[in-house]
Amino acid sequence: MFKDVDEQLEIILRGTVDIVTKEELTKKLSRSVKENKPLRIKLGLDPTAPDIHIGNAIPIHKLRTFQSLGHTAILIIGDHTATVGDPSGANKTRPMLSHDKVMENARTYLSQAGKILDLNKTEVVYNSKWFEKMTFNDVIKLTAQMTVARMMERDDFTKRYNAGIPISVNEFIYPLMQGYDSIIVKSDVELGGTDQLFNLLVGRDLQRDAGMEPQVALTTPLLEGTDGNKKMSKSLGNYIGVTETSGEMFGKAMSIPDNLMPKYFELTTELSISEINQLLDVHTHPRAAKVALAKAIVRRYHTDRDADAAAAEFDRIFKEHALPDSIPDVQISSGELTDGKVWITRLIVLCGFANTNSEARRLVQQGGVSINNDAMSDPSLNIEIKPDMILKVGKRRFARIALKNQ
RNA sequence: GGGUGGAUUCCCGAGUGGCCAAAGGGGACAGACUGUAAAUCUGUUGGCAUAGCCUUCGGAGGUUCGAAUCCUCCUCCACCCA
């Protein structure tokens, strides 16, 4: 039923950073093969934001890998931990979320995770199930298992402390909660990004204290966002969401800096190592490599055909400077017209391409606005609306203007 | 409980009576160059149909011809000592 241990290890270890410890993992796998019993693989997701992006999808794909190898995937929806807020990697206290908000996020999370995992074969559990039942006394007992000094070993805590940035006590409790999850679900392996290492190790300690065999901690790299600089995150706006349209995904993937391509290839696509090496070879033009990358990313969440279409559309807009396939229609009500004309600045605002007249005015002055491919430079201009008129703002925002029929 | 420092525009952060819609940096946006790259360079970055006017520097009052800046009270935050 299971592949042999070495084969499994090779597949598992692709794109991982730390394995604590590899010996223990090997041992667990051997036993699993021998007894024909799947390992229990845990991944916790805190639904703090409503969307999964290709960065935080990396450990989910890793969980999928285990699942494909025949092991049991356990997805913990941290509906309780999310209200506390994971301090990992953050340089300030995360806001505590309301449970309603968290549950709302949890729903979208689960459906999005379903794009990656086989949810029918996944144990999905909400950790409020056990945390809500805990008494204050239970919490005290849990906290007694960790010292402040150990907590302060954590890099981000040390940094924040030294920099005089506040650390709330609930942030100390977070790793303990995550570790406690591991006891409950009896995990053999826990997955997480590298920023989770400390939390994963706490899980080992707590399991050991509870008389269990400690889980193996396995971390995956954190992915830089499309800006090529900071960690991919929803709040920084440098992310590629797994539910985005193929066109958006493709465009965003094309905008990453070249030096990130190897990492993106390895972590966000299903291409084999040899395919990747060939694409990164000096004989392959970087642009061709990036197109292959962008297609591979789109393919993972959409279809082959979507990927090809996105690539074609992209060329059309940016290489040939032609119009995209579909342009949103914007209808202007006649109340906006003066003598049958509309003020260009107002028009840009009405299309949603600027928030204020001032902003729109600047766009015009800076030469970022054209109508039917004629650059507009005078922000006081009044425009007569003609059929099929195309307004272009910046490089990639288009609208087809029409008068609203009254 | 005692002490100290702080709250400025999207973020960080300068500014301690007029030269302040407020330095500098980051981010973002637009343009140039390109491979829609990245890097770099240029410009913009409170609002207003914009040579002008209006609203902003935690909140409320006050002093002054004039307040981000001085005074009073309030709210919130951090650090240190106990």
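Labels below follow one simple rule: chain letters A, B, ... track the order of the sequence lines, proteins then strands, and each chain is numbered from 1. The structure presented is a predicted model; accordingly, all values stated were derived computationally and were not measured. The basis for the numbers below is simple: all heavy atoms, side chains too, and nothing from hydrogens, waters or symmetry mates.
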**Asked** Which value, in whole Å, describes the distance between the P atoms of nucleotides B/C57 and B/C10?
**Response** 12 Å

**Item:** Note: A/Glu384-A/Lys341 ion pair, threshold 4.0 Å (strictly below)
**Value:** no

**Prompt:** How would you label the contact of A/Ile256 with the nucleic acid (heavy atoms, under 4.0 Å): base, sugar-phosphate, or nothing?
**Reply:** sugar-phosphate

Each nucleotide N or O in nucleotides 45-48 of chain B that has a protein N or O under 3.5 Å away: list the pair and distance.
from  : atom 1 : to       : atom 2 : distance (Å)
B/G47 : OP1    : A/Thr356 : OG1    : 3.0
B/G47 : OP2    : A/Arg362 : NH2    : 2.6
B/C48 : OP1    : A/Asn357 : N      : 3.1
B/C48 : OP2    : A/Ser358 : N      : 2.8
B/C48 : OP2    : A/Ser358 : OG     : 2.5

**Prompt:** Paired with B/U75: which nucleotide, if any, by Watson-Crick or G-U wobble criteria at under 3.5 Å for both distances?
**Reply:** B/A7

**Prompt:** Taking the C1' atom of each, how far is B/G17 from B/U63, in whole Å?
**Reply:** 12 Å

**Request:** Could you please name the partner base of B/G1, counting Watson-Crick and G-U wobble pairs only when both distances are under 3.5 Å?
**Result:** B/C81

**Asked** Does B/C53 have a Watson-Crick or wobble partner in any strand here, with both distances under 3.5 angstrom, and which is it?
**Response** B/G47

**Request:** Taking atom P in both B/C12 and B/G18, compute the distance separating them and give it to the nearest angstrom.
**Result:** 26 Å

**Request:** Report, as yes or no, whether the 6.0 Å neighbourhood of atom OH on A/Tyr180 holds more than 12 heavy atoms from other residues, nucleotides or ligands.
**Result:** no

**Message:** What's the gap between B/G59 and B/G6 when it is taken at their C1' atoms, as a whole Å value?
**Reply:** 16 Å

**A/Leu381 vs A/His285, nearer the 5' end of RNA chain B by closest nucleotide** = A/His285

**Request:** Report yes if at least one side-chain N or O of A/Lys230 is closer than 4.0 Å to OP1 or OP2 of B/G26; otherwise report no.
**Result:** no

**Request:** Using only heavy-atom distances, determine whether the side chains of A/Trp343 and A/Asn357 contain a donor-acceptor pair under 3.5 Å.
**Result:** no

**Message:** If you count every heavy atom of other residues, nucleotides or ligands that lies below 6.0 Å from A/Arg316 atom CZ, does the total exceed 12?
**Reply:** yes

**Asked** So A/Ile60 and A/Leu45, side chain to side chain contact (heavy atoms under 4.5 Å, CB included) or not? Walk me through it.
**Response** CA-CA 9 Å; A/Ile60 305 178; A/Leu45 292 180; 4.0 Å; yes

**Earlier contact from the 5' end, RNA chain B, for A/Pro379 and A/His321** = A/His321

**Request:** Check the side chains of A/Gln196 and A/Glu190 for a donor-acceptor pair under 3.5 angstrom, ignoring hydrogens and angles.
**Result:** no

**Item:** A/Gln365 CD to B/A49 C1', straight-line distance once rounded to whole Å
**Value:** 12 Å

**Prompt:** Below 3.5 Å, does any donor atom in the side chain of A/Asp258 face an acceptor in the base of B/G35, or the other way round?
**Reply:** yes

**Message:** What is the distance, to the nearest angstrom, from the CG atom on A/Asp227 to the C1' atom on B/G26?
**Reply:** 12 Å

**Message:** I need the CZ-C1' distance between A/Arg361 and B/A30, as an integer number of Å.
**Reply:** 16 Å

**Message:** Does the structure show a Watson-Crick or G-U wobble partner for B/C20, both distances under 3.5 Å? Name it, or say none.
**Reply:** none

**Asked** Would you call A/Glu224 and A/Lys230 a salt bridge, using N to O less than 4.0 angstrom?
**Response** no

**Asked** Starting at CE of A/Met261 and ending at P of B/A38, how long is that distance when rounded to a whole Å?
**Response** 13 Å

**Asked** Now, which nucleotide makes the Watson-Crick or G-U wobble pair with B/A68, with each of the two distances under 3.5 Å?
**Response** none

**Message:** Would you measure the distance from the P atom in B/G26 across to the matching atom in B/U44 and give it in whole Å?
**Reply:** 15 Å

**Request:** Classify the nucleic acid contact of A/Asn238 as base, sugar-phosphate or nothing, counting any heavy atom under 4.0 Å across all strands shown.
**Result:** nothing

**Request:** Taking the six-membered ring for Trp and the single ring otherwise, decide whether the centroids of A/His80 and A/Tyr126 are under 6.0 Å apart.
**Result:** no

For residues 284-294 of chain A, tabulate all N or O donor-acceptor pairs below 3.5 Å that involve a side-chain atom, not counting sequence neighbours.
from     : atom 1 : to       : atom 2 : distance (Å)
A/Thr284 : OG1    : A/Gln278 : O      : 3.0
A/His285 : ND1    : A/Arg287 : N      : 2.9
A/Arg287 : NH2    : A/Asp315 : OD1    : 3.2
A/Lys290 : NZ     : A/Ile256 : O      : 2.5
A/Lys290 : NZ     : A/Asp258 : OD1    : 2.8

**Prompt:** Roughly how far apart, to the nearest Å, are B/U8 and B/A14 at atom P?
**Reply:** 11 Å

**Prompt:** CZ of A/Arg346 versus C1' of B/A49: gap in Å, rounded?
**Reply:** 12 Å

**Message:** Over all strands shown, is A/Arg316 touching base, sugar-phosphate only, or nothing at heavy-atom distances under 4.0 angstrom?
**Reply:** nothing

**Request:** Take the protein atom CZ of A/Arg287 and the nucleotide atom P of B/A38, then report the distance between them rounded to whole Å.
**Result:** 13 Å

**Request:** Kindly confirm or rule out a cation-pi arrangement of A/Lys252 over A/Tyr239, judged by NZ or CZ under 6.0 Å from the six-membered ring centre and within 45° of its axis?
**Result:** yes

**Asked** With rounding to whole Å, what would you report as the distance between B/G31 and B/U16 at their P atoms?
**Response** 39 Å

**Message:** Among B/A49, B/G35, B/G31, which nucleotide has an atom closest to any side-chain atom of A/Lys395?
**Reply:** B/G31

**Request:** Provide, to the nearest angstrom, the distance between the CZ atom belonging to A/Phe318 and the P atom belonging to B/G31.
**Result:** 11 Å

**Prompt:** Can you check the A/Arg397 CZ to B/C29 P distance for me, whole Å?
**Reply:** 8 Å

**Message:** Among B/G35, B/G31, B/G43, which nucleotide has an atom closest to any side-chain atom of A/Gln366?
**Reply:** B/G43

**Message:** Could you tell me the Watson-Crick or G-U partner of B/G35, where both distances fall under 3.5 Å? Say none if there is no partner.
**Reply:** none

**Item:** Pairwise P distance, B/G52 and B/G35 [rounded to whole Å]
**Value:** 45 Å

